[in-house]
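One structure below.
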Amino acid sequence: MSAQIPIDPLRRLQDVQGAYNYTLGITYTPSSSQGIDFDETGFPYRFNNFNQGTSLSLSGGYSFNEYFGINSVVDWSFSSTRENRDFLDFTRQTLNRSNSSVGGSFGLEYRAAPSSFFDPRFSVNVAYPWTISTQGQISLVRDPMILLGSIGYSRSLQGVGENVSIGIGTGFVANDVISLSGSANYSIPTDGVSLPVTSLSFRTGYNLDPKGNQEIGVRATLSTSGSDTRIGIGLEFGGRGVITAPSKDSATQATTSNASGVPLGTQQTGILPSQPTSSTATSSSTVPKNTTPSKLEEKLDNLSQNLATRELQLRDLQQQILEIKKELESLKK
């Protein structure tokens with residue numbers, strides 16, 4: 001369990017009702033080892049093996065409301081190993097092995113305080129091969145960065161295997177289309193049998209649309225456990241959005257869409273343009289005298305989210321204007 005990095009580092013995962021996210025990824029991890037061992041008859045030999053591992057995964061999440069959400073992962077992995085055994089009589093034996101496996105997990109997440117400064121979250125996951133785990137996570141958004149921290153516990157339901165893990169992560173927005181992120185995780189076995197595992201992950205993402213709802217990314221990973229060190233590289237495609245219920249009055253919805261000049265797809269994602277406000281509306285939105293600091297913080301957080309939404313809409317409009325200008329220039333030629 002490691003700290004999760006959202007598709008857009010400055011947008012927390014599953015913030016509103018109906019929010020969803022998905023990621024399709026493929027990872028290649030080669031490794032090699034060498035040493036001295038004995039065969040079935042007790043004859044010593046020197047071995048040198050090369051392992052190639054490939055995994056394909058599909059993960060996703062959905063938010064029922066601002067407090068509860070679910071997430072799931074399905075992955076398929078395949079590995080092949082070629083081993084050379086050099087014996088003392090100068091003979092060589094070559095062995096080839098391969099295997100594949102299917103795994104997955106399903107979890108429930110609870111946001112204890114959605115409007116809180118650190119947005120604390122708690123989750124419970126069940127994975128196959130059968131393992132149960134729990135995790136607590138906090139995050140801190142500070143433009144242009146986000147910081148994450150997590151602590152978790154996992155236990156195998158098939159025998160020995162019990163770990164406590166600590167994770168940290170950070171994300172950085174370089175510009176409108178490129179983002180960088182990294183995470184580190186340290187897993188400590190508490191059963192006294194396994195070795196500690198340290199894993200690092202670095203990722204570069206590229207937005208495919210102005211709203212930042214689709215992205216491709218390249219990820220590099222490094223994991224060490226004792227003398228075993230593995231480096232992997234992966235390619236990911238991810239997306240996010242909001243599923244909203246259709247309006248009860250279709251005529252009213254169509255009128256609103258036409259009047260605002262916003263594409264229907266924008267309406268379906270729950271992003272609505274701001275409308276001009278009268279002086280009466282402005283005066284009614286002033287802060288009451290008896291407002292508590294917690295309510296002010298919640299109001300500030302909502303305004304900040306609205307501002308981020310408007311900025312995304314502005315970028316979308318600018319992109320449309322540029323495309324129309326290019327079409328006009330091509331027609332004039």
Side-chain angles (χ1 to χ4, degrees), residues 1-23 25 57 59-73 75 104-127 131-155 162-173 179-190 196-203 205 212 215 217 219 221 223 236 238 240 242 294 297-298 301 304-305 308:
M1 296 178 294
S2 60
Q4 292 181 320
I5 300 295
I7 293 176
D8 184 341
L10 291 183
R11 298 168 66 188
R12 288 167 168 155
L13 290 174
Q14 302 179 353
D15 282 338
V16 297
Q17 180 179 357
Y20 67 88
N21 63 83
Y22 61 89
T23 302
S57 65
S59 62
Y62 179 79
S63 177
F64 295 105
N65 50 50
E66 62 178 348
Y67 293 99
F68 289 97
I70 57 174
N71 58 79
S72 61
V73 180
D75 60 81
S105 67
F106 180 83
L108 174 66
E109 183 181 74
Y110 170 67
R111 298 179 67 194
S115 59
S116 171
F117 193 67
F118 293 103
D119 189 23
R121 304 181 182 215
F122 303 94
S123 61
V124 177
N125 290 266
V126 177
T131 303
I132 186 169
S133 61
T134 60
Q135 179 177 269
Q137 177 179 294
I138 59 174
S139 61
L140 176 63
V141 177
R142 280 294 177 265
D143 193 1
M145 298 188 68
I146 181 172
L147 302 176
L148 302 99
S150 66
I151 182 170
Y153 169 81
S154 64
R155 180 181 179 85
E162 190 174 345
N163 296 275
V164 174
S165 62
I166 301 173
I168 58 174
T170 182
F172 173 77
V173 175
S179 62
L180 307 173
S181 60
S183 63
N185 188 75
Y186 186 62
S187 180
I188 309 168
T190 58
V197 178
T198 302
S199 58
L200 303 175
S201 176
F202 302 94
R203 186 179 187 277
E215 184 196 62
R219 182 185 298 274
T221 59
S223 64
E236 299 175 345
R240 66 190 299 163
V242 179
S294 60
E297 291 178 356
E298 181 178 357
D301 184 61
S304 299
Q305 293 182 5

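Computed from a predicted model, the values in this text were never measured in an experiment. What you see below is based on every heavy atom in this structure, not just the backbone, and it leaves out hydrogens, waters and symmetry mates.
Looking at heavy atoms from C-beta onward, Pro189 lies in side-chain contact with Pro196 at the 4.5 angstrom threshold. Here the side chains of Glu109 and Gln137 are not in contact, with every heavy-atom distance at 4.5 Å or above. In this structure the side chain of Asn125 never reaches within 4.5 angstrom of the side chain of Gln135, judged on heavy atoms. Side-chain contact check for Arg111 versus Ser63: every heavy-atom pair is 4.5 Å or farther apart.
Taking CD1 of Ile138 as the start and CG of Asp119 as the end, the distance is 10.0 Å to the nearest 0.5 Å. One finds the CG atom of Asn163 at 11.0 Å from the OH atom of Tyr186 (value rounded to the nearest 0.5 Å). In this structure, OG in Ser154 is found 8.0 Å from CD in Glu162, a value given to the nearest 0.5 Å. Note that OG of Ser150 and CD1 of Ile166 are 9.0 Å apart. Values are rounded to the nearest 0.5 Å. To the nearest 0.5 Å, the span separating OG1 on Thr23 from CD on Glu215 amounts to 8.5 Å. Atom CD1 of Ile188 sits about 9.5 Å away from atom OG1 of Thr190, to the nearest 0.5 Å.
For Ala127 against Ser105, the heavy-atom pair with the smallest separation is CB-CB, 3.8 Å. Among all heavy-atom pairs drawn from Gly104 and Asp75, the shortest one is N-OD2, 4.0 Å.
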Carefully, step by step, assess Ile70 and Phe106 under the rule side-chain contact (heavy atoms from CB on, under 4.5 Å).
CA-CA 8 Å; Ile70 57 174; Phe106 180 83; 4.1 Å; yes
side-chain contact (heavy atoms from CB on, under 4.5 Å) between Arg142 and Leu147, intermediate numbers included
CA-CA 8 Å; Arg142 280 294 177 265; Leu147 302 176; over 6 Å; no
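Between Tyr22 and Tyr20, the ring planes lie parallel to each other; the angle is under 30°, not in the 30° to 60° tilted range. Between Tyr110 and Tyr67, the angle of the ring planes stays under 30°, which puts this pair in the parallel group of the 30/60° scheme.
Side-chain N or O atoms of Thr170 include one that pairs as donor or acceptor with a backbone N or O of Ile146 at under 3.5 Å.
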